[in-house]
Amino acid sequence: MMKIIFWVVVLFGSCYSFWYAYYLIKDKNKLGAFGMALVGLLIGVFSFMVRLK
């Protein structure tokens with residue numbers, strides 16, 4: 001059950017980061033969009049390093 005909750009939170013966090021990066025690109029803030037896309041990518045990558053018991 002904890003793994004399902006964990007993956008829901010990870011997917012929501014990374015999808016929200018990419019969505020916000022898209023919003024920043026439309027607002028002509030390319031540096032902020034790059035930062036938010038990087039945050040979304042890091043959430044996705046580091047989630048594989050976490051081990052739940």
Side-chain angles (χ1 to χ4, degrees):
M1 183 65 182
M2 285 298 288
K3 283 188 177 186
I4 294 171
I5 294 171
F6 174 73
W7 283 109
V8 166
V9 170
V10 166
L11 288 174
F12 177 75
S14 88
C15 288
Y16 181 78
S17 295
F18 286 123
W19 174 79
Y20 195 66
Y22 173 73
Y23 175 75
L24 288 175
I25 284 176
K26 285 178 61 176
D27 201 34
K28 307 277 191 275
N29 187 352
K30 295 197 187 310
L31 185 62
F34 175 74
M36 285 307 292
L38 188 64
V39 167
L41 190 65
L42 289 176
I43 288 172
V45 168
F46 286 135
S47 66
F48 289 106
M49 296 181 179
V50 174
R51 296 194 186 264
L52 296 176
K53 293 185 178 185

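The analysis underlying the following values was restricted to heavy atoms, covering all of them including side chains, and did not include hydrogens, waters or symmetry mates. Keep in mind it's a predicted model, so treat the numbers as computed, not measured.
By the criterion of side-chain heavy atoms lying less than 4.5 angstrom apart, applied directly or through intervening Ile, Leu, Val, Met, Phe, Trp or Tyr residues, Leu38 is grouped together with Met49 in one hydrophobic cluster.
The two atoms that bring Ala21 and Ala37 nearest to each other are CB-N, 3.8 Å, heavy atoms only. Closest heavy-atom contact between Gly40 and Ser14: O-CB, 3.6 Å. Shortest non-hydrogen contact noted between Ala33 and Leu24 is N-CD1, 3.7 Å. Between Ser17 and Val39, the closest heavy-atom pair is OG-CG1, 3.8 Å.
With rounding to the nearest 0.5 Å, the separation of CG in Leu41 from CZ in Phe46 is 9.5 Å. Remark: Met36 CE to Tyr22 OH distance equals 15.5 Å, nearest 0.5 Å.
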Check your understanding: Can Val10 and Trp7 be said to form a side-chain contact (heavy atoms from CB on, under 4.5 Å), step by step?
Key -> CA-CA 5 Å; Val10 166; Trp7 283 109; 4.2 Å; yes
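Environment of CD1 in Ile5: crowded, with over 12 heavy atoms of neighbouring residues, nucleotides or ligands closer than 6.0 Å.
In this pair, Tyr20 and Tyr16 present their aromatic rings parallel. The plane angle is below 30°, not in the 30 to 60° band.
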